[in-house]
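Below, read A as the first sequence line, B as the second, and so on, with proteins coming before strands; counting in each chain starts at 1.
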Amino acid sequence: MGRSPCCEKAHTNKGAWTKEEDDRLISYIRSHGEGCWRSLPKAAGLLRCGKSCRLRWINYLRPDLKRGNFTDEEDELIIKLHSLLGNKWSLIAGRLPGRTDNEIKNYWNTHIRRKLLNRGIDPTTHRPINGPSSHEVTTISFGSAAHMKEEEEETRRRSKDHKL
DNA sequence: AACGGACACAACCGCCTTGCT
DNA sequence: GAGCAAGGCGGTTGTGTCCGT
């Protein structure tokens with residue numbers, strides 16, 4: 001017995017989104033807001049899973065997205081944040097306005113990993129690949145892990161307040 | 001021009017967390 | 001406190017494009 005599926009798979013589209021589906025989703029969210037994702041597809045007339053709609057909106061259709069190439073500053077920031085937080089892509093994305101967790105995750109796996117390897121740095125541990133001499137570890141020029149944790153809590157509190 | 005491998009990115013899957021009853 | 005539903009997240013896969021041969 002597995003867990004129940006998040007939606008009725010037999011009647012949902014999969015794969016790339018069409019322009020028409022995008023338009024439907026955008027116009028529905030513009031007039032109704034991001035309500036219940038599970039019921040949204042039906043209400044918007046989409047044959048998609050709610051999760052799929054959410055992902056599409058969050059990652060590609062939101063009006064405040066930056067898109068386009070990452071700057072060197074963003075590169076370095078991502079590396080620093082990753083050394084602090086690990087694979088917490090949503091937290092990292094929270095520090096990069098206009099960027100999404102999925103976008104950063106992809107960018108990390110395709111560009112930054114290789115960049116670090118070229119520098120002789122292990123992308124997982126942020127330590128030099130040839131011998132872990134602690135002074136060579138990627139240095140953090142701002143904040144501490146504890147400080148980051150505090151801010152995470154604060155963000156959580158704010159979003160909770162916002163909902164009330 | 002054709003082919004195959006590498007690369008980039010959109011999307012899905014399944015687990016975990018959170019909130020409600 | 002237990003159980004369930006829904007949302008959120010990270011890992012992974014699928015597919016289109018680019019580039020070298």
Side-chain angles (χ1 to χ4, degrees), chain A residues 1-26 28-30 32-72 74-119 121-126 145 148-164:
Chain A
M1 290 279 274
R3 61 170 46 212
S4 60
C6 71
C7 50
E8 187 56 60
K9 294 192 180 203
H11 300 102
T12 54
N13 288 342
K14 288 177 79 171
W17 279 65
T18 64
K19 179 83 177 63
E20 192 191 344
E21 286 176 312
D22 281 350
D23 289 344
R24 274 179 187 269
L25 182 58
I26 291 168
Y28 182 85
I29 291 177
R30 272 191 189 144
H32 298 90
E34 298 175 31
C36 171
W37 290 111
R38 196 172 171 92
S39 59
L40 185 149
K42 198 175 179 182
L46 289 163
L47 293 174
R48 289 279 180 175
C49 163
K51 277 187 173 186
S52 181
C53 293
R54 176 187 161 272
L55 197 72
R56 184 68 183 170
W57 173 254
I58 300 277
N59 287 326
Y60 305 101
L61 302 177
R62 256 167 46 197
D64 58 328
L65 290 180
K66 202 186 273 183
R67 315 297 336 239
N69 293 341
F70 282 74
T71 64
D72 287 343
E74 285 176 315
D75 269 21
E76 293 307 317
L77 185 56
I78 291 168
I79 292 168
K80 284 171 184 172
L81 290 170
H82 186 272
S83 72
L84 276 175
L85 303 167
N87 294 357
K88 301 289 179 189
W89 305 115
S90 59
L91 287 179
I92 295 173
R95 296 237 156 191
L96 288 153
R99 300 295 188 187
T100 70
D101 53 355
N102 204 39
E103 192 179 10
I104 293 171
K105 180 171 60 182
N106 280 329
Y107 188 66
W108 175 270
N109 286 324
T110 55
H111 294 85
I112 300 183
R113 266 176 62 87
R114 205 173 315 136
K115 190 171 173 177
L116 290 180
L117 287 169
N118 284 341
R119 288 184 192 174
I121 295 169
D122 185 323
T124 309
T125 62
H126 293 264
M148 300 283 288
K149 189 97 181 171
E150 274 176 31
E151 287 205 7
E152 186 188 338
E153 291 297 324
E154 180 62 26
T155 309
R156 205 185 283 265
R157 276 197 296 274
R158 279 201 202 111
S159 68
K160 206 173 180 179
D161 290 347
H162 187 69
K163 279 182 184 171
L164 294 173

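A straight line from CG of A:L55 to C1' of C:dG11 spans 13 Å, rounded to a whole angstrom. Remark: P of B:dA10 and CD1 of A:I104 are 13 Å apart, rounded to the nearest angstrom. Atom-to-atom, CG of A:N59 to P of C:dG8 comes out at 12 Å; the value is rounded to the nearest Å. Protein atom CH2 of A:W57 is 14 Å distant from nucleotide atom P of C:dG8, rounded to whole Å. Regarding A:H111, its NE2 atom lies at a distance of 13 Å from the C1' atom of C:dC18, rounded to whole Å. Across the protein-nucleic acid pair, A:L61 atom CG and B:dA10 atom C1' stand 12 Å apart, rounded to whole Å. As rounded to whole Å, 16 Å separates atom C1' of B:dC12 from atom CD1 of A:I58. Protein atom CZ of A:F70 is 13 Å distant from nucleotide atom P of B:dA8, rounded to whole Å.
Here the side chain of A:W89 is nearest to one of C:dC9, C:dG11, B:dA11, namely C:dG11. If you check C:dC9, C:dG11, B:dC12 against the side chain of A:K105, the one that comes closest is C:dG11. Nearest nucleotide to the A:S90 side chain, out of C:dC9, B:dC12, C:dT12: C:dC9. Side-chain atoms of A:R54 lie closest to C:dC9 of the nucleotides C:dC9, C:dG11, C:dA6. Of the candidate nucleotides C:dG10, C:dT12, B:dA10, B:dA10 has the atom nearest to the side chain of A:R56. Residue A:Y60 has its side chain nearest to B:dA11 when only B:dA11, C:dG10, C:dG8 are considered.
In this structure, the separation between OH on A:Y107 and CG on A:L96 is 11.0 Å, given to the nearest 0.5 Å.
A donor-acceptor distance shorter than 3.5 angstrom exists from the side chain of A:R114 to the backbone of A:T110, with no hydrogens or angles considered.
Nucleic acid contact class of A:K88 (heavy atoms, under 4.0 Å, all strands): sugar-phosphate only. Base engagement by A:N102 is indicated by at least one non-hydrogen atom pair under 4.0 Å involving a base atom. Within 4.0 Å of A:N106, counting heavy atoms only, lies at least one base atom of the nucleic acid.
With hydrogens and angles ignored, no donor-acceptor pair closer than 3.5 Å exists between the side chain of A:K51 and the base of C:dG7.
Look at A:R114 and you'll find a side-chain N or O under 4.0 angstrom from OP1 or OP2 of B:dA8. Close to C:dG11, at under 4.0 Å from its OP1 or OP2, lies a side-chain N or O of A:N87. The shortest distance between the side-chain N/O atoms of A:W108 and the OP1/OP2 oxygens of C:dG10 is not below 4.0 Å.
When the shell of 6.0 Å around CG of A:N69 is examined, it contains 12 or fewer heavy atoms from other residues, nucleotides or ligands.
Using cut-offs of 30° and 60° for the angle between ring planes, the A:H82 and A:H126 rings count as tilted.
A salt bridge between A:K80 and A:E76 is absent, with no side-chain N of the basic residue lying under 4.0 Å from a carboxylate O of the acidic one.
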query = Taking it one step at a time, do A:Y60 and A:W17 satisfy side-chain contact (heavy atoms from CB on, under 4.5 Å)?
reply = CA-CA 11 Å; A:Y60 305 101; A:W17 279 65; over 6 Å; no
